[in-house]
Amino acid sequence: MPATLDENIAAYEKMKAYLEAEHFGKWALFYDEEFIDSYDEFEDAGYEAIKRFGLGPYHIRQVGVKRVIRLPFVVE
């Protein structure tokens, strides 16, 4: 079973200093507590996430930006 959203967020936080130094302003994709890659556009990160991991859960976040948006999403 893949990691939860909270676990993916925690993985981002552990790598935050590295990500801000190397990928500032890009969109970071995390899945199963692993950094997958960074992307110039949110849409590119989202497309890759869906293509590779289906409905998730995964975490996409713009590196260095303080605002976090949580989208309510439930699959039944």
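For the numbers below, each heavy atom of this structure counts, side chains included, while hydrogens, waters and symmetry mates do not.
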For residues Leu29 and Ile60, determine if any side-chain heavy atom of one lies less than 4.5 Å from a side-chain heavy atom of the other.
-> yes
Expected output: side-chain Tyr58 to main-chain Gly54 donor-acceptor under 3.5 Å = yes
Using atom types as modelled and distance alone, determine if a side-chain donor or acceptor of Asp32 lies under 3.5 Å from a backbone N or O of Ala3.
-> yes
Between Ile50 and Phe53, is there a shared hydrophobic cluster once you connect ILVMFWY residues whose side-chain heavy atoms come closer than 4.5 Å?
-> yes
Aromatic rings Phe35 and Phe30: how do their planes relate, parallel, tilted or perpendicular, breaks at 30° and 60°?
-> tilted
Evaluate the criterion side-chain contact (heavy atoms from CB on, under 4.5 Å) for residue pair Val63 and Leu19; output intermediate values, then yes/no.
-> CA-CA 7 Å; Val63 178; Leu19 291 167; 3.8 Å; yes
Pair Arg61 + Glu13, salt bridge at N-O below 4.0 Å = yes
Indicate yes or no for a side-chain donor-acceptor contact from Gln62 to the backbone of Trp27 under 3.5 Å, with no hydrogens or angles considered.
-> no
Lys26 and Tyr39, any side-chain heavy atoms less than 4.5 Å apart | no
Centroid-to-centroid, His59 to Tyr31, below 6.0 Å?
-> no
Should we count CD of Glu7 as having more than 12 external heavy atoms under 6.0 Å?
-> yes
Here the gap from Asp37 atom CG to Glu48 atom CD, rounded to the nearest 0.5 Å, amounts to 8.0 Å
